[in-house]
Amino acid sequence: MASADRSTETEEYLPSLYRPSTILPISRHRNALLYLIENYPVTIVVGQTGSGKTTQLPQYLHEAGWSRDGKIIACTQPRRVAATTVATRVAEEMGVRLGEELTLRGFRGVMQVGYSIRFEDMTSMSTRIKYMTDGMLLREALMDPLLSRYSVIMIDEAHERSLSTDILLGILKKIRRKRKELRIVVSSATLQAEEFVRFFMGTEDDAQSGKGNEKEGGGNELAKIISLEGRCYPVDVLYLEEPTENYVEKAVQTVFDIHLKEGEGDILLFLTGRDEIENTVSAIRERSQDLHHRAPQLLPLPLYAGLPHDQQLAVFDPPPENHRKVIVCTNIAEASITIENVVFVIDSGFVKLRAFNPHTGIDSLTSVPISKASATQRAGRAGRTRAGKCFRLYTEAAFGEDMVETVIPEIQRSNLAPVILQLKALGIDNVVRFDFITPPPSELMVRGLELLYSLGALDEYARLTKPLGARMAEMPLDPMTAKIVSPFRSQPTKTQKVKTNGIQLLNSIEFGCTEQILNIAAMTSVQNVFISHEGEKKPAESAKRKFAVEEGDHLTLLNVYQAFTTKGQKSSKWCRDNYLNFKALSRAVSVRAQLKKYLERFTADVDQARSRSDTATGESIRRCLTTGYFAHAARMQPDGSFRSVSGNVILWAHPSSVMFNRKADWVIFHEVVETGNKTFIRDVTSVQKNWLLEYAPEFYRVRE
DNA sequence: GAGCACTGC
């Protein structure tokens with residue numbers, strides 16, 4: 001132990017190129033890992049942060065020959081940033097190992113180690129180890145259903161149970177039956193290891209009947225667990241003696257208690273959202289003025305995903321002399337972002353979680369108690385640099401009795417329309433019987449199937465339609481947006497033919513607005529287009545008004561996109577002057593380019609479509625939007641609220657919408673978010689009632 | 001008249 005500790009210290013002085021990877025805890029398990037992977041189809045690696053599994057295991061596999069004969073070792077990550085940083089680091093390490101070829105070091109390393117994320121494919125023919133986002137591997141499965149290029153597929157951070165991870169696990173279990181030589185590695189936190197084993201042990205029929213067994217191989221031959229110790233420092237966990245009514249107030253108080261009574265080290269405070277964070281930062285700043293001017297000072301910094309990028313980076317800067325940083329953050333710092341030098345963690349015990357209600361079709365975003373796994377993860381953030389302390393703003397009894405072990409997987413609380421579409425495109429005809437590690441509730445399945453049917457992506461036998469449904473699945477868009485971008489008509493179903501005199505869902509080419517629809521689809525795919533600098537709300541509002549279009553947000557977003565790419569010349573200065581988010585708009589440009597490539601592949605008529613786009617009117621664009629968003633329709637009530645068509649729910653235009661204080665009758669909207677006690681619709685556009693009846697006759701006939 | 005956890009293709 002002593003020697004391990006010493007080498008950890010020296011590590012910080014050494015350039016990363018010479019990082020002595022042999023001292024990582026995983027190196028002791030090298031042979032055991034290789035033995036298991038050689039002899040068992042599935043290996044579950046239980047490893048804490050800092051065990052080195054992500055960086056070392058793919059290298060061991062490479063050295064052991066798993067990348068011979070042109071095969072590739074894949075390692076998936078739930079986040080883009082992880083895929084790129086890990087790949088870069090492993091390329092450096094391998095460069096060192098090829099010591100005699102010093103001049104080729106970086107080159108050789110980068111060529112053998114690559115990464116693939118959306119918009120960035122850093123791989124080549126000679127790539128042997130490939131880090132990638134889990135969503136990217138799923139995309140590849142559309143082209144190569146057996147993922148035949150890969151000899152080993154490691155699903156890293158599987159315990160996070162992202163949508164893509166869960167789908168991949170089911171797909172991999174299926175692939176493994178056809179490719180006995182494929183090796184699957186699942187990396188997991190302690191709590192869920194057994195669940196992964198049970199999943200891979202069970203046959204498909206067992207999954208349906210709810211019981212696993214060990215039929216295949218006649219025993220425990222399929223999946224094995226191996227545990228790696230992590231490398232982190234001990235963290236003292238402290239609880240409240242009495243529960244608190246107001247954790248925000250308690251948090252501020254705890255910050256000052258730590259500041260006055262504890263030693264050096266920064267503080268990480270977990271809260272739930274932007275509002276709470278900004279209020280807390282101000283409260284800490286205000287109360288800091290009471291500190292003696294020569295005593296150590298506090299520097300409170302907000303951190304959440306919606307914060308402009310430069311302000312996010314501020315949390316990594318070393319604080320000025322005589323200052324202690326207090327980073328007040330959302331869940332973003334639980335797994336996505338690591339900040340060095342944090343010694344104290346304050347955990348509110350809450351997180352905002354999204355859940356989809358299949359009866360109303362509404363996504364709610366509400367604050368709920370975290371899971372035990374999350375609490376452990378948050379506490380661990382205090383022990384990355386040296387021994388730390390975690391102050392939990394709840395009682396030990398609440399931890400033991402009120403908190404669930406792990407959070408409900410995303411697949412059990414999401415709109416499944418995109419999942420179903422993806423599975424169908426992967427050739428899974430019977431999605432209800434698909435081998436999910438945890439099957440989603442049937443109401444979610446039914447709702448998803450209904451939506452896809454009404455969009456024309458599935459026929460009355462729930463088969464994927466061709467070309468429309470198949471093409472929709474290929475595009476990186478949600479199904480409703482994919483419908484309006486897709487250049488294909490849906491084939492009328494038998495009942496439609498009878499009931500609607502042959503009127504069908506049209507497409508953007510026929511409406512003559514393909515170019516505009518591409519821009520709108522790209523804009524609704526990015527977040528936070530408008531920025532409001534703190535204390536500058538007024539000028540930001542009037543800047544926004546310049547782009548506003550009376551008919552709604554979609555045409556307003558179209559205006560912004562067109563201004564950015566023409567007048568604004570895609571410049572960051574122009575964005576600043578107009579209170580627009582340069583990064584978001586640049587991303588919209590990339591998304592649009594990508595969507596355009598899909599369209600070009602789908603149809604040779606794009607040029608023709610472009611010439612017709614000059615004649616596009618606001619009305620034709622709004623009509624086209626209606627063909628995809630008819631299920632998201634609502635009607636304004638006399639009091640200014642809206643009543644939704646499906647679920648009959650009271651909705652309010654989001655304050656960011658141009659419809660916030662405008663009169664309208666019928667509208668369609670991109671998304672609904674329920675927060676606290678109000679339900680908001682975002683990206684709202686006015687339409688006419690007869691368009692809804694015209695473009696979605698069956699949907700509205702049923703509703704009436 | 002007042003507000004948006006986190007990811008990913």
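Keep in mind that the numbers below use all heavy atoms, side chains included, and drop hydrogens, waters and symmetry copies. Convention: sequence-line order gives letters A, B, ...; per-chain numbering from 1.
Here the P atom of nucleotide B:dG3 and the CD atom of A:E671 are 17 Å apart, to the nearest Å. One can place CD of A:E276 at 11 Å from P of B:dC4, the figure rounded to the nearest angstrom. The interatomic distance linking A:F350 (CZ) with B:dC6 (C1') rounds to 18 Å, in whole Å. As rounded to whole Å, 14 Å separates atom P of B:dC9 from atom CD of A:E410. Atom pair A:I117:CD1 and B:dC9:P shows a separation of 7 Å (rounding to whole Å applied). Taking atom CG of residue A:L421 and atom P of nucleotide B:dG8, one finds them 21 Å apart after rounding to whole Å. For the pair A:Q527 CD and B:dA5 C1', the computed distance is 11 Å after rounding to whole Å. Atom CG in A:L142 sits about 14 Å away from atom C1' in B:dG8, given to the nearest Å.
With the nearest nucleotide of DNA chain B identified for both A:L353 and A:R80, A:L353 has the one nearer the 5' end. Annotation: of the two residues near DNA chain B, A:Y598 and A:L303, the 5′-most nearest-nucleotide partner is A:L303.
Residue A:R139 has its side chain nearest to B:dC9 when only B:dC4, B:dC6, B:dC9 are considered. Nearest to the side-chain atoms of A:P476 among the listed nucleotides B:dC9, B:dC6, B:dG3 stands B:dC9. Comparing atom distances between the A:K352 side chain and each of B:dC9, B:dA2, B:dC4 picks out B:dC4 as nearest.
Taking the ring axis of A:F399 as reference, the NZ or CZ atom of A:R392 stays within 45° of it and closer than 6.0 Å to the ring centre.
Counted by atom type alone, A:D347 and A:Y394 present one or more donor-acceptor pairs between their side chains at under 3.5 Å.
Residue-level contact check: A:T133 touches the backbone only, with heavy atoms under 4.0 Å from sugar-phosphate atoms and none from bases. Heavy atoms of A:L163 sit nowhere under 4.0 angstrom from any nucleic acid atom. Contacts of A:T330 with the nucleic acid, taken as non-hydrogen atoms under 4.0 Å apart, involve only primed sugar atoms and P, OP1 or OP2. Counting any heavy atom pair closer than 4.0 Å across all strands shown, A:E160 reaches no nucleic acid atom. Using a 4.0 Å heavy-atom cutoff across all strands shown, A:R79 reaches sugar-phosphate atoms only and no base atom. Using a 4.0 Å heavy-atom criterion, one finds that A:L365 contacts the bases of the nucleic acid, with or without backbone contacts as well. Residue contacts shown for A:F660 include a base, since a base heavy atom lies under 4.0 Å away.
Residue-to-nucleotide contacts include a donor-acceptor pair under 3.5 Å from the side chain of A:R682 to the base of B:dC4.
A salt bridge (Lys or Arg N to Asp or Glu O under 4.0 Å) check over residues 403-416 of chain A, counting only residues at least two apart or in different chains, returns the pairs A:K372-A:E405.
In terms of heavy-atom proximity, A:A333 sits nearest to A:L303 at CB-CD2, 4.4 Å. Nearest heavy atom pair, residue A:G361 against residue A:R447, reads CA-NH2, 3.5 Å.
Applying the ring-ring contact (aromatic ring centres under 6.0 Å, His included) test to A:F582 and every residue at least two apart in sequence or in another chain returns nothing.
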